2 protein chains.
Amino acid sequence: MPPSPSRVTQADVARRAGVSRTTVSFVLSGREDTRISIEARQRILGAAEELGYRPNLTAQSLRTRKTHTVGLVSDIVASTHYAGEMIQGALEAALERNHLLYFAESGDDPEAERRLLQGMLDRQVDGLIHAAMSTRVRRLPDQVRSHPSVLLNCLDESGEFTSVVPDEEAAGRQAAKLLLEAGHREGIHVVGGRHFTRRTPDGVYAGRERMRGLERGLAEAGVRLSGVSECDWSAPEYGYRAARSLLAAGPRPTAVVCCNDRLAFGVYQAADESGLSVPQDVSVLSFDDSELASWLRPALTSVALPHREMGRAAVSLLLSPEPVPAVHRIPMPVRRRDSIAPPRR
Amino acid sequence: MPPSPSRVTQADVARRAGVSRTTVSFVLSGREDTRISIEARQRILGAAEELGYRPNLTAQSLRTRKTHTVGLVSDIVASTHYAGEMIQGALEAALERNHLLYFAESGDDPEAERRLLQGMLDRQVDGLIHAAMSTRVRRLPDQVRSHPSVLLNCLDESGEFTSVVPDEEAAGRQAAKLLLEAGHREGIHVVGGRHFTRRTPDGVYAGRERMRGLERGLAEAGVRLSGVSECDWSAPEYGYRAARSLLAAGPRPTAVVCCNDRLAFGVYQAADESGLSVPQDVSVLSFDDSELASWLRPALTSVALPHREMGRAAVSLLLSPEPVPAVHRIPMPVRRRDSIAPPRR
DNA sequence: ATGAAAGCGCTAACAT
DNA sequence: ATGTTAGCGCTTTCAT
């Protein structure tokens with residue numbers, strides 16, 4: 001009947017130690033409330049050791065209804081710097097609590113997502129992390145709404161779930177502060193903006209929040225933006241184009257705030273072509289703090305996406321006794337480098 | 001006794017359909033060799049549907065000794081473009097075969113790796129993928145040597161396991177071909193080289209193989225390298241420095257082969273500073289094909305690391321009936337862009 | 001064509 | 001302080 005040759009089980013250990021399976025179970029799972037003779041415990045531990053006993057977690061799970069696993073499904077391509085960090089953070093937190101992580105990507109296809117989640121649910125995961133690569137509001141599939149879930153880098157439309165997002169508005173304020181500190185009060189321009197696309201007609205979450213924070217931060221010092229070049233955020237090319245027309249047009253900006261590092265890269269390229277040097281002629285400030293920021297010359301000051309911390313937080317929250325439905329905003333640290341200087345006068 | 005309120009089981013379905021659990025198991029698992037009346041089958045399917053029955057894969061696994069899961073543990077930070085691709089490929093292949101993926105990182109710490117592998121083994125994974133971020137030779141921990149394992153982007157020192165690596169030597173030849181086709185026969189310089197470090201005194205695998213392929217490919221056309229600037233591969237800065245001294249020193253190179261895109265980025269920066277334009281004054285060619293390659297101006301021609309294909313291959317091999325211990329070399333496709341031109345005469 | 005029964009490896013009431 | 005026993009939800013042999 002047993003389909004295949006098996007490994008050593010608690011029964012084997014019990015036999016070898018001359019005790020019952022219960023006793024073995026007790027000592028191996030380290031239960032305190034039952035007092036087993038010191039010698040029996042020694043014999044059991046010894047036998048387990050000698051036999052190379054390892055618990056079968058599948059069997060244990062069937063009985064306890066705890067698998068010590070958490071499932072993480074993200075929407076699109078984890079092949080970005082950020083994604084990796086997020087997953088690493090999640091992993092760390094899971095490991096600290098002796099959990100393992102199932103990882104999968106839905107490719108932003110609802111049907112695929114459903115199947116993945118079902119696969120995890122069928123395998124009795126203890127909880128689910130729903131991650132998005134770009135911060136946004138979404139609706140959690142019905143199938144998981146009754147299971148422990150935490151949203152990572154996204155918000156459920158109902159607000160009924162615990163979620164973890166970067167504190168983008170505060171980041172915008174940080175940006176304002178950085179510029180203000182350096183003495184910039186006019187000629188501050190934005191490249192990127194809210195990022196209006198067909199799928200996000202009102203702009204992306206990060207765009208809206210960053211802009212709000214930036215504008216408010218500036219406003220509190222009586223400063224206003226000189227202009228905003230709305231453009232696609234996805235590649236340096238767009239930042240390059242926006243900066244070119246910006247430099248070709250009106251009065252030269254003294255500082256440009258880029259909505260992400262790729263855009264800043266494009267802005268560098270354009271500044272370079274116009275014979276402008278960063279930061280002497282124009283200060284550049286950015287968001288995300290991807291690897292690119294440190295590769296650029298001069299190195300780019302950027303307000304970092306705290307992806308690793310977010311990943312950690314999501315799993316911690318998921319695995320903690322009472323995950324209060326609340327939005328956790330993780331601070332975005334600024335990475336000061338060499339792209340900001342006082343305005344030329 | 002049952003620790004908690006439970007979901008619907010096969011027993012519930014059987015009760016509802018008025019048959020035995022065996023019958024339910026038969027039809028639900030779609031066994032062909034047993035003929036169950038068409039109506040019984042209908043009733044069962046209907047009942048399962050109505051009740052929203054979902055199999056408990058933990059229970060199933062305990063019985064069948066198959067969990068339909070594979071564990072993937074990689075060494076360091078998956079926060080690179082490449083890593084994501086590799087995992088995606090692995091994921092795709094796993095999903096196609098109805099498996100889910102455990103993912104973890106060892107941080108290159110043998111003890112951590114041991115613990116992770118043990119966690120996966122204890123959870124009865126059907127197989128293991130051992131991934132490395134940078135191609136290299138290693139030794140698989142003893143604990144997993146008797147379990148189905150495939151090495152991804154690394155080789156076991158014994159050669160006893162199935163492994164999947166990029167075909168770096170062929171890539172080097174491709175690079176040679178690209179340059180030769182464009183008419184370059186002299187002034188060809190390499191930035192990067194074998195990448196000798198404290199941990200890799202003989203150079204890294206990719207460095208050795210790429211160089212060998214490049215030199216041989218060139219040699220077959222009677223061409224020799226003008227020089228090799230050995231340097232650290234990890235950031236554009238090193239490429240920048242190497243290129244600067246290269247440009248300051250002897251006769252100007254007509255083509256520079258960079259060992260990865262970051263280095264090429266540095267070379268672009270240096271060329272730019274020297275007033276040289278790519279590709280008119282100097283052709284640049286690179287390896288890896290990261291996102292950077294398409295972001296650079298002019299866009300960089302690069303021989304791509306086939307990470308997604310490698311991931312797919314590793315899982316396919318792992319899950320196929322007889323994983324022959326063999327080294328599978330995956331071809332590296334060249335991405336032609338705008339950084340190569342005929343040499344100026 | 002269907003069902004009874006045993007058992008995968010483990011936990012946990014309930015005895016003793 | 002330790003053992004007996006009954007499951008967890010599923011598969012599978014063997015009877016009927």
Side-chain angles (χ1 to χ4, degrees), chain A residues 1-45 47-48 51-68 121-124 126, chain B residues 1-45 47-48 51-68 121-124 126:
Chain A
M1 248 145 282
S4 92
S6 172
R7 294 201 321 190
V8 14
T9 82
Q10 284 192 353
D12 298 323
V13 176
R15 210 168 303 125
R16 172 123 181 179
V19 298
S20 80
R21 283 147 61 227
T22 310
T23 314
V24 173
S25 176
F26 280 173
V27 355
L28 257 25
S29 56
R31 284 183 50 150
E32 307 273 315
D33 58 332
T34 169
R35 287 147 307 180
I36 283 159
S37 70
I38 194 87
E39 19 174 301
R41 132 171 280 105
Q42 296 297 357
R43 260 182 298 139
I44 290 170
L45 260 16
L51 262 29
Y53 171 78
R54 285 269 81 209
N56 178 331
L57 263 30
T58 296
Q60 182 176 304
S61 297
L62 180 57
R63 187 67 240 241
T64 61
R65 287 154 187 280
K66 285 248 149 285
T67 52
H68 287 264
L121 257 17
D122 291 350
R123 285 175 183 78
Q124 320 292 120
D126 293 343
Chain B
M1 245 147 280
S4 91
S6 171
R7 294 202 321 192
V8 13
T9 81
Q10 284 192 353
D12 298 322
V13 176
R15 211 168 302 124
R16 173 123 179 179
V19 297
S20 78
R21 283 150 60 229
T22 310
T23 314
V24 172
S25 175
F26 281 171
V27 354
L28 257 26
S29 56
R31 283 182 50 151
E32 307 273 316
D33 58 332
T34 170
R35 287 146 307 179
I36 283 158
S37 70
I38 194 89
E39 21 174 296
R41 133 172 278 107
Q42 296 297 357
R43 260 183 299 137
I44 290 170
L45 260 15
L51 261 31
Y53 169 78
R54 284 269 82 209
N56 179 330
L57 263 31
T58 297
Q60 182 177 302
S61 298
L62 179 57
R63 187 65 238 243
T64 62
R65 288 151 187 281
K66 284 250 151 285
T67 52
H68 288 265
L121 257 17
D122 290 350
R123 285 175 182 78
Q124 321 291 122
D126 294 342

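Keep in mind that what you see is a predicted model, and the values were worked out from it rather than measured. Chain identifiers are assigned alphabetically (A, B, ...) following the order of the sequence lines, protein sequences preceding nucleic acid strands; residue numbering begins at 1 within each chain.
Contact annotation for B:Q60: backbone-only contact, meaning every heavy-atom pair under 4.0 Å involves sugar-phosphate atoms and none involves a base. Nucleic acid contact for B:S37: sugar-phosphate only, since backbone atoms but no base atoms lie under 4.0 Å from a heavy atom of the residue. Residue contacts for A:T22: at a heavy-atom cut-off of 4.0 Å it reaches a base atom on one of the strands shown.
Distance CZ (B:R43) to C1' (C:dA1): 12 Å, rounded to an integer number of Å. Note: CZ (B:R63) to C1' (C:dG9) measures 12 Å, nearest angstrom. Rounded to an integer number of Å, the gap from B:N56 CG to D:dT11 C1' is 13 Å. The interatomic distance linking B:R54 (CZ) with D:dC8 (C1') rounds to 19 Å, in whole Å. Atom CZ of B:R123 and atom P of C:dG9 are 18 Å apart (whole Å). Whole-Å rounding puts the A:L28 CG to C:dG9 P distance at 15 Å. In this structure, B:K66 places its NZ atom 18 Å from P of C:dC8, rounding to the nearest Å. A straight line from OH of A:Y53 to C1' of C:dG9 spans 8 Å, rounded to a whole angstrom.
Side chains of A:S20 and A:T23: a donor on one and an acceptor on the other come within 3.5 Å.
Listed pair B:S20 / C:dG3 meets the phosphate criterion, a side-chain N or O lying under 4.0 Å from OP1 or OP2. At least one side-chain nitrogen or oxygen of A:Q10 sits closer than 4.0 Å to the OP1 or OP2 atom of C:dT11. For A:S25, a side-chain nitrogen or oxygen approaches OP1 or OP2 of C:dT11 to under 4.0 Å.
Here the CZ atom belonging to B:R123 is positioned 13.0 Å from the OG atom belonging to B:S61, to the nearest 0.5 angstrom. If you take CG on A:D12 and CZ on A:R21, they are separated by 11.0 Å, rounding to the nearest 0.5 Å. With rounding to the nearest 0.5 angstrom, the OG1 atom of A:T9 is 14.0 Å from the CZ atom of A:R54. Atoms CD and CG, from A:Q60 and B:D122 in turn, are 9.0 Å apart once rounded to the nearest 0.5 Å.
In the set D:dG3, D:dT12, C:dC10, the nucleotide with an atom closest to the side chain of B:F26 is D:dT12. Of the listed nucleotides (D:dT11, C:dC10, C:dG3), C:dG3 has the atom at the smallest distance from the side chain of B:T23.
If B:L62 and B:V19 are placed on DNA chain C by their nearest nucleotide, the residue sitting closer to the 5' end is B:V19. Projected onto DNA chain C by closest heavy-atom contact, B:R21 and B:G18 fall at different nucleotides, the more 5' of which corresponds to B:G18.
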